[in-house]
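First comes the structure, then the notes that go with it.
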Amino acid sequence: MPGCLRLGLLGCADIAARRTLPALLRTPHLRLAAVAARDTARAAAYADRFGGTPAASYDDLLARPDVDAVYLCLPTLLHARWAERALAAGKHVLVEKPLAASGADAQRLFELADGLGLVLLENFMFLHHGTHRKVTELLASGVLGPLRAVSAAFTIPPRPEGDLRLDPLLGGGALLDNGVYPLRAALRFLGCGLTVTGASLRHSTRLGVDLSGAVLLTAPGGATAQLRFGMEHHYRSWYEIQGGAGTLSVEHVYTTAADHAPVIRLVTGRDVREIPVAAQDHFEAVLRFFAAAVRDRAAVASRLRLLGEESRRQAVLLDETRARAVRVQV
């Protein structure tokens with residue numbers, strides 16, 4: 001297809017097959033050109049199902065002239081390494097969250113991308129959903145008054161033995177896996193001036209990873225964010241924004257199903273409003289944005305700049321959280 005962005009897949013994680021690649025098939029101006037995985041048979045199976053051709057290795061895929069950009073779907077601790085190699089190979093990069101486990105890595109990657117004129121985007125789908133656009137409009141209208149606090153939680157049930165999210169050598173643990181979602185929400189609503197003022201991590205000595213935790217952040221003006229995350233819980237995917245004049249909250253916000261029509265609950269005084277939002281596949285939405293950014297960076301420059309600033313600050317806040325956390329060994 002003329003004018004199509006040709007995408008290479010690095011890593012055949014389950015999320016790619018379940019959500020991202022089906023969305024890619026529905027996204028105009030984007031097609032899968034090549035697939036690479038440690039297991040070449042798995043790469044071939046993905047290529048048969050979603051298009052493109054299997055590559056012999058990650059490096060082989062990065063060397064291909066028919067790949068313009070890379071979707072990087074590897075274990076967390078491999079993200080920064082392979083994002084850097086992809087950028088150095090001249091490829092635009094869409095990388096699963098978190099982009100980097102440290103502030104230094106994130107800063108280096110964005111400097112490299114900027115220097116090469118390439119798009120680097122961390123794949124936080126919820127920021128591209130219509131729910132978030134509507135929330136942004138409501139906040140801009142001033143309906144909540146001055147923002148005072150954000151509360152947010154993303155918790156999931158226990159993972160089975162052998163799950164990659166329980167492997168410390170691959171970047172497992174609740175902070176990096178699901179803690180980054182409420183952290184990113186707090187950054188968007190309260191700004192990149194947030195600092196960590198307290199944290200706790202419940203750490204499994206047997207597995208070597210944190211199973212859950214909480215973080216308290218403070219903005220320069222005194223607004224606070226209280227965040228919870230974990231993978232030993234009843235499922236919650238939620239945030240609440242409280243201002244001087246009202247409170248806004250949304251459920252099922254980070255992993256919204258494509259057929260789910262979210263509802264924003266807005267309380268001002270004694271008035272309670274429920275504002276419906278149309279169902280949308282936010283995997284498709286982020287792919288559309290990525291393709292648009294590669295096609296014309298200037299057209300989305302301010303949005304892309306904000307996303308990059310948030311990604312860099314988020315990685316620094318991960319450093320601060322680990323440094324300040326009280327660790328409870330279980």
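Grouping the Ile, Leu, Val, Met, Phe, Trp and Tyr side chains by contacts below 4.5 angstrom, directly or via other members, places Leu138 with Val253. If you chain together hydrophobic residues whose side chains sit under 4.5 Å apart, Leu170 and Leu318 never meet in one group. Two different hydrophobic clusters hold Leu266 and Val263 under the rule that ILVMFWY side chains link at heavy-atom gaps under 4.5 Å. A continuous path of ILVMFWY side-chain contacts below 4.5 Å connects Leu147 to Leu248, so both sit in one hydrophobic cluster.
Side-chain contact between Thr76 and Asp177 is absent, with no heavy atoms from C-beta onward closer than 4.5 Å. You'll find the side chain of Glu320 reaches within 4.5 Å of the side chain of Val316, heavy atoms only. The shortest side-chain heavy-atom distance between Glu122 and Arg184 falls under the 4.5 Å cut-off. No side-chain heavy atom of Asp39 sits under 4.5 Å from any side-chain heavy atom of Cys12. Counting heavy atoms from C-beta outward, Leu166 and Met231 have side chains that approach closer than 4.5 Å. Put simply, the side chain of Tyr46 does not reach to within 4.5 Å of the side chain of Leu32, judged on heavy atoms. Side-chain atoms of Phe290 and Leu5, non-hydrogen and from C-beta on, do get closer than 4.5 Å to each other. Between Leu306 and Arg188, some side-chain heavy-atom pair lies under the 4.5 Å cut-off.
Here Leu109 is tied into one hydrophobic group with Leu10, Tyr58, Leu61, Leu62, Val67, Val70, Leu72, Leu74, Leu78, Trp82, Leu87, Val93, Val95, Leu99, Phe110, Leu112, Leu116, Leu118, Leu120, each link being a pair of ILVMFWY side chains closer than 4.5 Å. Counting side-chain heavy-atom gaps under 4.5 Å among Ile, Leu, Val, Met, Phe, Trp and Tyr, Trp238 is found in no cluster with other residues. Other residues sharing the hydrophobic cluster of Val267, ordered by chain and number and joined by side-chain separations under 4.5 Å: Val272. Residue Val326 is found outside any hydrophobic cluster, as its side-chain heavy atoms come under 4.5 Å of no other Ile, Leu, Val, Met, Phe, Trp or Tyr.
Judged purely by atom type and a 3.5 angstrom limit, Arg26 uses its side chain to pair as donor or acceptor with the backbone of Pro22. With Asp167 contributing its side chain and Gly172 its backbone, the two residues share no donor-acceptor pair below 3.5 Å. No donor-acceptor distance shorter than 3.5 angstrom exists from the side chain of Arg31 to the backbone of His29, with no hydrogens or angles considered. For Arg42 (side chain) and Gly11 (main-chain N/O), no donor-acceptor pair under 3.5 Å exists by modelled atom type. In this structure, the side chain of His79 engages the main chain of Glu96 through a donor-acceptor pair within 3.5 Å. Side-chain atoms of Asn178 come within 3.5 Å of backbone atoms of Gly230 as a donor-acceptor pair (strictly under, hydrogens ignored). No donor-acceptor pair under 3.5 Å is formed between the side chain of Asp163 and the backbone N or O of Arg159. A distance-only check finds a donor-acceptor pair linking the side chain of Arg313 to the backbone of Cys192 [under 3.5 Å].
Each side-chain hydrogen bond (donor to acceptor under 3.5 Å, both in side chains) pair with one or both residues in residues 256-268, not counting sequence neighbours, would appear here, but there are none. Sorted by first and then second residue, the ring pair (Phe, Tyr, Trp, His ring centres under 6.0 Å) pairs involving residues 134-188 (not counting sequence neighbours) are Phe124-Tyr181, Phe154-Tyr181, Phe154-Tyr254, Tyr181-Tyr254. For residues 297-324, there are no ring pair (Phe, Tyr, Trp, His ring centres under 6.0 Å) pairs, not counting sequence neighbours. Residue pairs that meet the side-chain hydrogen bond (donor to acceptor under 3.5 Å, both in side chains) test with at least one member in residues 285-309, sequence neighbours left out, are His128-Arg303, Glu284-Arg288. The list of ring pair (Phe, Tyr, Trp, His ring centres under 6.0 Å) pairs with a residue in residues 208-237, not counting sequence neighbours, is empty.
Applying the ring-ring contact (aromatic ring centres under 6.0 Å, His included) rule to His282 yields the partners His129; only residues at least two apart in sequence or on another chain are considered. Contacts of Ser102 classified as side-chain hydrogen bond (donor to acceptor under 3.5 Å, both in side chains), with partners at least two apart in sequence or in another chain: Asp105.
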Show your reasoning for whether side-chain contact (heavy atoms from CB on, under 4.5 Å) applies to Ile156 and Arg165.
CA-CA 12 Å; Ile156 60 176; Arg165 285 170 282 194; 4.1 Å; yes
Could you please spell out the steps behind the side-chain contact (heavy atoms from CB on, under 4.5 Å) verdict for Leu77 and Leu169?
CA-CA 8 Å; Leu77 285 190; Leu169 298 180; over 6 Å; no
Working note: Asp281 + Arg19, criterion side-chain contact (heavy atoms from CB on, under 4.5 Å); need CA distance, chi angles, decisive distance, verdict.
CA-CA 9 Å; Asp281 186 340; Arg19 299 297 302 273; 3.8 Å; yes
If you apply the rule side-chain contact (heavy atoms from CB on, under 4.5 Å), what do you find for Met125 with Lys97, and how did you get there?
CA-CA 10 Å; Met125 301 82 60; Lys97 83 298 296 175; 3.7 Å; yes
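The distance from atom CG of Asp319 to atom CZ of Arg324, rounded to the nearest 0.5 Å, is 13.5 Å. One distance of note links OG1 of Thr20 with CG of Asp14; it measures 10.0 Å at 0.5 Å rounding. For the atom pair CZ of Phe289 and CG of Leu127, the computed distance is 10.0 Å after rounding to the nearest 0.5 Å. Atoms CG and CD1, on Leu139 and Ile241 in that order, are 4.5 Å from each other to the nearest 0.5 Å. With rounding to the nearest 0.5 Å, the separation of CG in Leu9 from CZ in Phe50 is 9.5 Å. Interatomic distance, His92 NE2 to Leu7 CG, rounded to the nearest 0.5 Å: 11.0 Å.
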Enumerate, atom names and distances included, each donor-acceptor pair closer than 3.5 Å involving a side-chain atom of residues 205-219, sequence neighbours excluded.
unit_1: Thr205; atom_1: OG1; unit_2: Val330; atom_2: O; d: 3.1
unit_1: Arg206; atom_1: NH2; unit_2: Glu161; atom_2: OE2; d: 2.9
unit_1: Asp210; atom_1: OD2; unit_2: Ala174; atom_2: N; d: 3.0
unit_1: Asp210; atom_1: OD2; unit_2: Leu175; atom_2: N; d: 2.7
unit_1: Ser212; atom_1: OG; unit_2: Glu232; atom_2: OE2; d: 2.8
unit_1: Thr218; atom_1: OG1; unit_2: Thr197; atom_2: OG1; d: 3.3

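Summarising the geometry of Val150 relative to Ala186, their closest heavy-atom pair is CG1-CA, 4.4 Å, with the distance given to 0.1 Å. Contact between Ile15 and Cys73 at its shortest, heavy atoms only, is CG2-SG, 3.6 Å. Ala293 and Val119 make their closest contact through O-CG2, 3.7 Å (heavy atoms, listed as atom of the first residue, atom of the second, distance). Between Ala100 and Ala80 the shortest heavy-atom distance is CB-CB, 4.5 Å. Across every non-hydrogen atom of Ala315 and Ala106, the tightest pair is CB-CB, 3.6 Å. Between Pro262 and Ala278, the shortest heavy-atom contact is CD-O, 4.1 Å.
Within 6.0 Å of CZ on Arg273 lie no more than 12 heavy atoms contributed by other residues, nucleotides or ligands.
Ring to ring, Tyr239 and Phe189 are close: their centroids are under 6.0 angstrom apart.
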